[in-house]
Visitor: 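Here you go, one structure.
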Protein chains: 2
Amino acid sequence: MDRPTIDDVARAAGVTKATVSHAYSGKRPISATTKARVFAAAQRLDWVPSSRARALAARRTDAVGVVLSRDPTILASDAFFPAFISGVEAVLAEHEIALVLQVASSRTAEERAYRAMASGRADGVIVLDLHRVDWRVAYLRQIRLPAVLLGAYDAESPFSSVRTDDATPVRDLVARLREQGHTRIAHVSGPLDYVHSHARAGAYVRSVGSKELLREGDFTAGSGRALTAELLDLHDRPTAILYSNDTMAIAGFSYARSRGLVVPDDLAVAGFDDDHLSAHLSPALTSVFTDPFRRGRVAAERLLADLAGEPPESVTVDCNELRLRASTAGAAPEAPHTELEEEFS
Amino acid sequence: MDRPTIDDVARAAGVTKATVSHAYSGKRPISATTKARVFAAAQRLDWVPSSRARALAARRTDAVGVVLSRDPTILASDAFFPAFISGVEAVLAEHEIALVLQVASSRTAEERAYRAMASGRADGVIVLDLHRVDWRVAYLRQIRLPAVLLGAYDAESPFSSVRTDDATPVRDLVARLREQGHTRIAHVSGPLDYVHSHARAGAYVRSVGSKELLREGDFTAGSGRALTAELLDLHDRPTAILYSNDTMAIAGFSYARSRGLVVPDDLAVAGFDDDHLSAHLSPALTSVFTDPFRRGRVAAERLLADLAGEPPESVTVDCNELRLRASTAGAAPEAPHTELEEEFS
DNA sequence: GTGAAAGCGCTAACAC
DNA sequence: GTGTTAGCGCTTTCAC
């Protein structure tokens, strides 16, 4: 009553297990008739090769891993992750390769998770949330786990990477706001040690020529709100704020509204990532669509190519698209005074 | 230059591999000194047990699977899935158990995916999007793969399940709208062969006493829009519409607005699932929070309990919470006439 | 074109 | 408390 094994199939087909194995893998010529006998026997016995045994013998798991260093609760409210994973799965599903997910919230836990991947849970991994100086790059090389990095890693690395140009949309957006008369444009970034936050913030600073109105957030609604408060409390407050994701933008936007400011008349607001509901807010939120689905596809394809023996490569996905909406429409307000507005809040 | 094996460690520690194995598993008493020698040797050699070999020998993978029958592109815009997975991971991470995800978009692909899980990719699975008559229940039993069903499965099943009460919030919402004077209350459901869609629709029908204003959607924005159009075209159109998820509600809401209707004055609108941005829409969307994170936790805990040998059990998670917001506030409009409104659209 | 047999790196009886 | 040994169910040389 146990699951049948390759031996059972071999016996039923009157061949040896080597033949059964090769009939399926095609790694050696098998006569059409034996092949047919083998398949028939397998079908009759309802045999499915054991992935465990296969993994051990072939030193290959047919799975790809992702280790998430984020807190599980944060995963839930993130526009990027589900779309990215969908893209990855779209490719993996075609090859019947599984995706192994592991969440690790401390560095030790994360190292253990990567070691587990290397010890046979996965054949390679995709690394998200890349830091500008990322211990994982050295670590993965040390444990010799194939990887694809999502983001532009500056230092030398033996790994493939999937890059995007986050600077252009930021630059375009600043230019646009300038045309509309904005002179005090602020930026609420994500943690600056992330490569993507840093790229966006860097483009912002180069565009506006100053770090005065740059504030470092952490992608959560709480930080969006707090830093917006800080910016609006300035004597010479900004008339436009660019946020490094939509969650912070929406939090900032709600907060500004609670202070009696009208978006976009008193304050222009823009996000990043283009959450699927952002276009439905009112005013609709200007955002940058970063096509996480497509980046997921490309990352998965790249990893499969690496695993197939191709040399590592850095591919740049040109996917970012500035989506101008009502939250940044219209002319900049003239000389806003914080005091005045507080009377109406 | 190859990864060290348990034999290397045993040799280095001057013991046999059984001792090394037991020093880690604790499945037999090992003297403190030998244990220390073993750990030291392992650390020195930088040994990590091979999950592949371990899985084969122990007939256990230390992974839990989820097979998604949805199209990968749909995953991306779904409020439920990421939060649910986060909840699952929150539990699995503590036990260093991995989550194996596989997307399958046809029945054959899905069967293959489950067989792959059963053949060693995972020790058990969590089944989402349960149908009222679900072939997977019989199939999983046939291939003897432990499972936890998410939703109330009516027929006999040997599996644990995690249920919620979707009827109460629907009933409460209908009652509430009645109090506000609504008499024509419609419902745009999800596919009625899903247990959760069916439960919601059933509660709705029992509350309003008629199927006249029930329309079957498919959880996509497109169907939300189309069915809203259909309902608003009725001569005696509804003054309130309940949708079975927020995506359809928002699509319907935008469409109604495009026809010149004001929410909630002309039309009250409510969703289900409470997407994290729904409270930020204006008017803020009334919705039912279903705590997918918590349900993920419970499902994972239940599955681990099953795998540990406990008898299957059906647990009900009391997590649904009706969140009344502006989109259903105020009194019902009096005798709405479709013709009249069209003049202003 | 097929068979025989040696692993893959562990776990778990079974000894002592 | 520790050693010996037989698997787990495949893949892959090496023969013929």
Side-chain angles (χ1 to χ4, degrees), chain A residues 1-39 41-42 45-63 115-121 123 143-144, chain B residues 1-39 41-42 45-63 115-121 123 143-144:
Chain A
M1 196 54 200
D2 258 2
R3 284 183 218 288
T5 73
I6 195 173
D7 269 316
D8 300 323
V9 175
R11 209 170 308 120
V15 296
T16 59
K17 32 186 207 162
T19 303
V20 176
S21 176
H22 288 124
Y24 279 90
S25 72
K27 289 197 177 173
R28 108 193 198 181
I30 302 283
S31 80
T33 47
T34 4
K35 210 180 252 182
R37 275 218 319 286
V38 167
F39 290 159
L45 295 180
D46 200 26
W47 175 70
V48 176
S50 152
S51 2
R52 295 197 260 250
R54 195 203 287 264
L56 180 59
R59 297 167 189 72
R60 189 172 35 71
T61 306
D62 287 328
R115 302 204 72 146
M117 295 285 180
S119 79
R121 267 195 191 321
D123 300 327
I143 65 178
R144 284 175 299 161
Chain B
M1 197 51 201
D2 259 1
R3 285 184 217 286
T5 75
I6 197 173
D7 270 317
D8 299 324
V9 175
R11 208 171 310 119
V15 296
T16 60
K17 16 182 223 169
T19 302
V20 176
S21 177
H22 289 124
Y24 279 89
S25 72
K27 289 197 179 173
R28 111 196 210 185
I30 301 284
S31 79
T33 47
T34 354
K35 210 179 251 182
R37 274 217 320 285
V38 168
F39 290 159
L45 295 180
D46 201 24
W47 175 71
V48 176
S50 154
S51 2
R52 294 196 260 250
R54 195 203 287 263
L56 180 59
R59 298 166 191 71
R60 190 171 36 72
T61 306
D62 287 327
R115 302 203 71 144
M117 294 287 180
S119 79
R121 266 193 189 324
D123 300 326
I143 65 177
R144 284 175 299 162

Visitor: Would you mind classifying the nucleic acid contact of A/Ser50 as base, sugar-phosphate or nothing, using non-hydrogen atoms under 4.0 angstrom?
Guide: sugar-phosphate
Visitor: Suppose we screen for ring-ring contact (aromatic ring centres under 6.0 Å, His included). Which residues come up paired with A/Tyr24, at least two apart in sequence or across chains?
Guide: A/Phe39, A/Trp47
Visitor: For residues A/Ser50 and B/Ser119, is any side-chain donor paired with an opposing acceptor at under 3.5 Å?
Guide: no
Visitor: Among residues 23-34 of chain A, which ones have heavy-atom contacts with DNA chain C below 4.0 Å?
Guide: A/Arg28, A/Pro29, A/Ile30, A/Ser31, A/Thr34
Visitor: Are B/Arg52 and A/Thr61 close enough, and set up right, to give a side-chain hydrogen bond (donor to acceptor under 3.5 Å, both in side chains), and what steps lead you there?
Guide: CA-CA 8 Å; B/Arg52 294 196 260 250; A/Thr61 306; 2.6 Å; yes
Visitor: Rounded off to whole Å, could you give me the NZ-to-C1' distance for the B/Lys17 and D/dC8 pair?
Guide: 12 Å
Visitor: Find the bend of the helix from C/dG1-D/dC16 to C/dC16-D/dG1 as the angle between its two terminal axes (five pairs each), to the nearest 10°.
Guide: 30°
Visitor: Please tell me if the side chains of A/Arg60 and A/Asp62 come closer than 4.5 Å, counting only heavy atoms from C-beta onward.
Guide: yes
Visitor: Give, ordered by number, those residues of residues 55-62 of chain B having at least one heavy-atom distance below 4.0 Å to an atom of DNA chain D; if nothing qualifies, reply none.
Guide: B/Leu56, B/Ala57, B/Arg59
Visitor: If you check every side-chain atom of B/Thr19, which of D/dT2, D/dT4, D/dG9 has the closest atom?
Guide: D/dT2
Visitor: If we only count heavy atoms from C-beta on, is the A/Arg115 to B/Asp46 side-chain gap below 4.5 Å?
Guide: yes
Visitor: What are the 5'-most and 3'-most nucleotides of DNA chain C lying under 4.0 Å from any heavy atom of chain B?
Guide: C/dG9 to C/dA13
Visitor: Using a 4.0 Å heavy-atom cut-off, does A/Ser21 contact any base of the nucleic acid, only the sugar-phosphate backbone, or nothing at all?
Guide: base
Visitor: Nearest whole angstrom, please: distance from the C1' of D/dG9 to the CG of A/Leu45.
Guide: 15 Å
Visitor: Using the side chain to side chain donor-acceptor pair (under 3.5 Å) criterion, which residues pair with A/Asp7? Sequence neighbours excluded.
Guide: none
